[in-house]
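Sequence lines set the chain letters: A, B, ... in the order given, protein chains first and strands last, and positions in each chain run from 1.
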Number of protein chains: 2
Amino acid sequence: MIDGGARRGRADKRTAILAAAFRVFAARGYAQACVRDIADEAGVAKPTVYNHLTDKESLFRESLLAAADRARVRLDAALDGLRAPGDPAVALARAVGELAEVLASDEVRSLRLLALGNAALFPELVGEAHRRTSAATATALADRLARLVLSGALRRCEPDRAAGHLLSLVDGALDARSAWGSRELPAAEARAAGEDAVEVFLLAYGGQASE
Amino acid sequence: MIDGGARRGRADKRTAILAAAFRVFAARGYAQACVRDIADEAGVAKPTVYNHLTDKESLFRESLLAAADRARVRLDAALDGLRAPGDPAVALARAVGELAEVLASDEVRSLRLLALGNAALFPELVGEAHRRTSAATATALADRLARLVLSGALRRCEPDRAAGHLLSLVDGALDARSAWGSRELPAAEARAAGEDAVEVFLLAYGGQASE
DNA sequence: CCGGAAATGAACCAACGGGTTCAAGTTATT
DNA sequence: AATAACTTGAACCCGTTGGTTCATTTCCGG
């Protein structure tokens, strides 16, 4: 999120470049994206790109990590609904539905795809992106689930493990319905996938009351 | 699996080329893999490659689809254990453990990664690979689960939906434990992930006896 | 409004790699 | 043995693209 390098050039150009880079990389893939296109998309001249970032590789790294941080914010926000009081079951369905929507969004999907698809070239990025998004979401969700256990809405269990299971169900449902992302998934359907996941999750983890 | 084009050149060379191509693509990624390397890996001269396949793109397509068909065979084999008689719960754990091992294997992981990572260049391949592996496995598993429902080992449910849930749990567990595949997963751990998935699955779907 | 940093565009370089060609050697088939 | 198909290796062509240079213009802080 923060890296304290002495920035060169105007900051707004830099962020425009990184955002454009991510879009172009996502659309064409790393190798097929040429710096020229990225510069155009950013509304900037090619030398300007090289004034801000040393080379194409760092362009990829930085733009991807920035996207990961943006994704993290959105994922966290989706789970924030679980902090509000109210019926835990409906809150869970709502929050996870929202989470599924975010996970199915273009930006988040592209992020994961780009990291995975270029693992050969950027091995560190896979783990780093995973840490900043999936892993972070898992622990955040585990925290929320722990409270639900205490409140009796969920049966006694290990929150981390349960969070992993719930996220697996969501991811899996999204993958299956979109055929690995080859079919565009409308927001409503993504939300439905999330709610479906919650339903099964509650079958396994629900408290006595919700069974 | 079969495509009836009039084959040119010696058949053994062709299969060697496709196998080598898949290995090189998996190791370096599509764009970074050069035809020269593939020819070397196959123990063949470059023009020979172009004698069998028109260009690099078809080289990728064919090698990937061939790998998908190989994967399909292994996936089906893993589920075949469910046909044997015996305690359904242990059979399920064993079969899904084996399935997880196959899913975590280099070849199957690479296949998925290559298809997803080059979706921009080969959009059709994503759906096709998904159909030949994940989707096929899902329906095969659904068939097995249906029998388990009839035998009373599982509670009444829609087999397709249940199969999707079980596979989600397996995939998710593998992704989480390997950090999206960035950490190599030993076979034993993969198997454990599969068995863990079955455990939760049975919590949600187990018959009265297994609860 | 002034001065230095930053942005521009155009031209340029060099490496890389897909794809072809060709003459010579090898393998099957009849 | 003869013939046709296949393979080989090496050289070659050429488009693409990452990265640089530079003279000129634009922008922003003081």
(request) Taking only the side-chain nitrogens and oxygens of A:His52, find out if one of them lies under 4.0 Å from OP1 or OP2 of C:dA7. (result) yes
(request) Could you state the atom-to-atom distance from CZ of A:Arg8 to C1' of C:dG4 in whole Å? (result) 14 Å
(request) Would you mind checking if B:Glu98 and B:Arg94 are paired as a salt bridge, meaning a charged N to carboxylate O distance below 4.0 Å? (result) no
(message) Does the structure place the NZ or CZ of A:Lys56 under 6.0 Å from the centre of the six-membered ring of A:Tyr50, at an angle of no more than 45° from the ring's axis?
(response) no
(message) I need the CG-P distance between A:Asn51 and C:dT8, as an integer number of Å.
(response) 10 Å
(message) Ignoring hydrogens and geometry beyond distance, is a side-chain donor-acceptor pair present between B:Asp175 and A:His130 at under 3.5 Å?
(response) no
(request) Would you mind building the protein contact string for nucleotides 17-30 of chain D? One character per nucleotide, 5' to 3', B for base within reach (heavy atoms under 4.0 Å), S for sugar-phosphate only, - for untouched. (result) SSBBB-----SS--
(message) Do the side chains of B:Arg109 and B:Glu184 get close enough for a salt bridge, i.e. N-O under 4.0 angstrom?
(response) yes
(request) Answer yes or no: does a side-chain N or O of A:Lys13 lie under 4.0 Å from OP1 or OP2 of C:dT8? (result) yes
(message) Whole angstroms only, please: what is the CZ-P distance between A:Arg14 and C:dA5?
(response) 20 Å
(request) Grab the two heavy atoms, one from A:Phe201 and one from A:Ala162, that are nearest each other, plus how far apart they are. (result) CE1-O, 3.4 Å
(request) Please report the shortest heavy-atom distance between A:Ala115 and A:Leu125, naming the atom on each side. (result) CB-O, 4.5 Å
